[in-house]
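One structure below.
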Amino acid sequence: MTGYEVIVAGLVTVDLIPTFLHSSHVPLAEMVRPGKLNHVGPLQFSTGGAVSNTGIALIKLGAKTRLMGKVGDDYLGTVAVSILGRYVPEADRMVRKGEQTSYTIVMSPASTDRVFFHYPGCNDTFTAADVDQAAVAGAKVFHFGYPPLMKAMYANQGEELVRLVKKAKECGLTVSLDLAMPDPHSEALKADWPLIFRRVLPYVDVFLPSLEEALLLWDPAAYKDFDSLNPQKREEHIPSLAVKLAGDFLDLGASIVGIKCGVLGYHVQTKAALSAAKLGLGAPADLNNWAGRKLFCASYKPETFASATGAGDCSIAGFLMAMLRGCTLEETVNAACAVGAQNVRKLDATAGVEDWEYTLQMMRRPWERLFLPLDEAWTYDPVGKVWVEK
């Protein structure tokens, strides 16, 4: 037995985050106009990607977590090991000789959504062989993040991704999977993602993608229609799209599907019958409470807002932590939204995340929530603090 509760594997990158001055009234499109000089503040270095964001958030919440990814033996690799080494003693095991470390320039002015400039580096060569199977054996949850940004994971119709999650299931773990939004001009969108989902999701217990990335990969035509709408119309369409996506992914084999809906919160659907034997060592404690559910949970209104970088990843940490601690589904989705709200208070991806006791206290408080545009088919449960289907 390893003693680990969670293995977090997948993409690792070094985030380079400029601090923007006067960004509240200068549109990003104006900032990036060719030839324009922008006066910015200090550059912040942090690690990013699913391994860093979800992994560090889980560690801060109190889960015993092992991180598994790849960085090169270059300068940025040294930076990554230095940052991750503050949280885990085995960070240097991620270094691969002769490879280059991934980096992401995160443009995150307060006045607009984030823009990323991403170099995949050695994430493109990450395979199942890069996972320490001895450490996986005996853990409870295996979480993998960002296969659309990792070339070996979507090549050959997702063969390597299938191999990876299948091995974790064979060890008896509960498998969790997250996606990422690929560059629309990248090779990732040439892959047959509907086929990849059909091959992979039978081995996935908990599927937690964001709505936009899931829609783009599963139904590109529907995504194009959605993306053409103005922001208000997009928000109005999100609930119905989330319900359909979650249902589709359950039909493909996932047992628990949570669709991250950005500022609107989470939509969760689960199979009518859940089996502890199938779900693995990290299965929810009360399967009767979790089975056959369909609900929405609105986002917490943040106390302050600095950046949404890593908010979805941190919300996943809250979801997995609550599930491991035996929480109900209502408590679990509220924990996901609570940790997401903690995240946005700071510029980087994990500095705002608190411990589990703080999160529980936050969930008990009468915290203001953001508006969730649901129709009359949904009714509010004041005890669970979620919206349920009538």
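Small disclaimer: the values here were computed from a predicted structure and weren't measured.
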Listed partners of Tyr380 passing ring-ring contact (aromatic ring centres under 6.0 Å, His included), at least two apart:
Trp387
Between Val6 and Leu324, does a side chain to side chain contact (heavy atoms under 4.5 Å, CB included) hold up when you go through it step by step?
CA-CA 9 Å; Val6 190; Leu324 282 165; 3.4 Å; yes
Working for side chain to side chain contact (heavy atoms under 4.5 Å, CB included), residues Leu61 and Asp355:
CA-CA 4 Å; Leu61 287 168; Asp355 63 18; 6.0 Å; no
Are more than 12 heavy atoms, taken from residues, nucleotides or ligands other than Gln232, located less than 6.0 Å from that residue's CD atom?
no
Please check: side-chain N/O of Lys260 versus main-chain N/O of Leu208, any donor-acceptor pairing under 3.5 Å?
yes
Without swapping roles, check the side chain of Glu160 against the backbone of Ala155 for a donor-acceptor pair under 3.5 Å.
no
Give a yes or no on whether the backbone of Thr270 and the side-chain of Lys294 come within a donor-acceptor separation of less than 3.5 Å.
no
Tell me the closest heavy-atom pair linking Arg325 and Gly62, and the distance in Å.
NH2-O, 3.6 Å
Check whether any side-chain heavy atom of Leu11 lies under 4.5 Å from a side-chain heavy atom of Val51, and answer yes or no.
no
Work out which heavy atom in Pro239 is nearest to a heavy atom in Pro373; give both atom names and the distance.
CG-O, 3.4 Å
Within a 6.0 Å radius of atom NZ on Lys169, are there more than 12 heavy atoms belonging to other residues, nucleotides or ligands?
yes
Taking side chain to side chain donor-acceptor pair (under 3.5 Å) as the criterion, tell me which of Asp130, Thr101, Thr125 meets it with Arg96.
Asp130
Determine, for Lys190 against Glu187, whether the closest basic-nitrogen to carboxylate-oxygen distance falls under 4.0 angstrom.
no
Could you tell me whether the side chains of Asp313 and Tyr146 share a donor-acceptor contact shorter than 3.5 Å?
yes
OH of Tyr103: more than 12 outside heavy atoms within 6.0 angstrom?
no
Could you tell me the separation between the SG atom of Cys171 and the NZ atom of Lys166, rounded to the nearest 0.5 Å?
13.0 Å
State the CD-CG distance between Glu213 and Leu216, to the nearest 0.5 angstrom.
9.0 Å
Exam field: side chain Asn343 to backbone Thr309, donor-acceptor pair closer than 3.5 Å:
yes
Atom pair CG (Asp375) and NZ (Lys390), whose distance is rounded to the nearest 0.5 Å
8.5 Å
I'd like to know if the side chain of Arg66 reaches the main chain of Val136, judged simply by a donor and an acceptor atom lying under 3.5 Å from each other, with no hydrogens or angles considered.
no
Check for a donor-acceptor pair, side chain of Lys64 on one end and backbone N or O of Glu5 on the other, with a separation under 3.5 Å.
no
Nearest 0.5 angstrom please: Asp225 CG to Asp227 CG, how far?
10.0 Å
Those residues at least two apart in sequence (or on a different chain) that pass ring-ring contact (aromatic ring centres under 6.0 Å, His included) with Phe296 are His267, Trp378
Give a yes or no on whether Leu370 and Val386 share a hydrophobic cluster (residues Ile, Leu, Val, Met, Phe, Trp, Tyr; joining criterion: side-chain heavy atoms under 4.5 Å apart).
no
Quick one: does Thr127's side chain have a donor or acceptor within less than 3.5 Å of a partner on Ala129's backbone?
yes
Rounded distance (nearest 0.5 Å) linking atom OH of Tyr119 with atom CG of Leu76
10.0 Å
Closer than 4.0 angstrom, basic N to acidic O: yes or no for Arg293 and Glu330?
yes
Test item: Ile256 and Phe319 side chains (from C-beta on) under 4.5 Å apart, heavy atoms
yes
Do the ring planes of Phe144 and Phe126 sit parallel (below 30°), tilted (30 to 60°) or perpendicular (above 60°)?
tilted
Hey, is Asp219 close enough to Lys244 for a salt bridge, meaning N to O under 4.0 Å?
no
Please evaluate residues Leu177 and Val206 with respect to the criterion side chain to side chain contact (heavy atoms under 4.5 Å, CB included), reporting the C-alpha separation (whole Å), side-chain torsions for both, the decisive distance (0.1 Å), and the verdict.
CA-CA 6 Å; Leu177 181 67; Val206 183; over 6 Å; no
When you compare the side chains of Tyr266 and Ser315, does any donor N or O come within less than 3.5 Å of an acceptor on the partner?
yes
Does the pair Asp73/Lys97 count as a salt bridge with the N-to-O cut at 4.0 Å?
no
What distance separates Cys314 SG from Ile56 CD1, expressed to the nearest 0.5 Å?
9.0 Å
Under the side chain to side chain contact (heavy atoms under 4.5 Å, CB included) rule, what do Arg86 and Leu84 come out as? Steps first, then yes or no, please.
CA-CA 5 Å; Arg86 301 170 194 166; Leu84 294 174; over 6 Å; no
Sub-3.5 Å donor-acceptor pair from the side chain of Thr174 to the main-chain atoms of Gly282, do we have one?
yes
When clusters are formed by joining ILVMFWY residues with side-chain heavy atoms under 4.5 Å apart, either directly or through shared neighbours, do Val81 and Val79 land in the same one?
no
Membership question, hydrophobic clusters at under 4.5 Å side-chain separation (ILVMFWY): are Leu67 and Leu149 in the same one?
no
Residues pairing under ring-ring contact (aromatic ring centres under 6.0 Å, His included) where one sits in residues 218-254, two or more places apart or in two chains, turn out to be Phe197-Phe249, Phe207-Phe249, Trp218-Phe249
4.5 Å side-chain heavy-atom contact, Leu215 and Leu245:
yes
With distance as the sole test, does Thr47 use its side chain to make a donor-acceptor pair with the main-chain N or O of Ile83 at under 3.5 Å?
no
Salt bridge flag under 4.0 Å for residues Glu90 and Arg93
no
Under a 4.0 Å N-O cut-off, is there an ion pair linking Lys70 with Glu99?
yes
Taking the side chain as every heavy atom from C-beta outward, state whether Ser102 and Val12 have any pair of such atoms under 4.5 Å apart.
no
Side-chain donor-acceptor contact under 3.5 Å, Ser255 with Asp205
no
May I ask whether Leu329 and Leu279 are part of the same hydrophobic cluster, defined by side-chain heavy atoms of I, L, V, M, F, W, Y residues being less than 4.5 angstrom apart, directly or through others?
yes
For Lys271, I'd like to know if atom NZ has over 12 heavy atoms of other residues, nucleotides or ligands within 6.0 Å.
yes
Can any side-chain N or O of Lys167 pair as donor or acceptor with the backbone N or O of Val162 at less than 3.5 Å?
no
Leu241 and Ile259, any side-chain heavy atoms less than 4.5 Å apart:
no
Beyond-backbone contact of Thr104 with Phe117, side-chain heavy atoms, under 4.5 angstrom:
no
With Thr359, the side chain to side chain donor-acceptor pair (under 3.5 Å) member among Glu354, Arg364, Gln342, Lys60:
Gln342
Do Pro194 and Arg198 come close enough that some side-chain heavy atom pair is under 4.5 Å?
yes
Test item: Val200 and Pro202 side chains (from C-beta on) under 4.5 Å apart, heavy atoms
no
Tell me if the NZ atom of Lys278 is crowded by more than 12 foreign heavy atoms within 6.0 Å.
yes
Just checking, Arg345 and Phe305: is the charged tip under 6.0 Å from the six-membered ring centre and within 45° of the axis?
no
Just wondering, more than 12 heavy atoms not from Lys385 lying within 6.0 Å of its NZ?
yes
Under 4.5 Å between side-chain heavy atoms, counting indirect links through other Ile/Leu/Val/Met/Phe/Trp/Tyr residues: same cluster for Tyr87 and Val141 or not?
yes
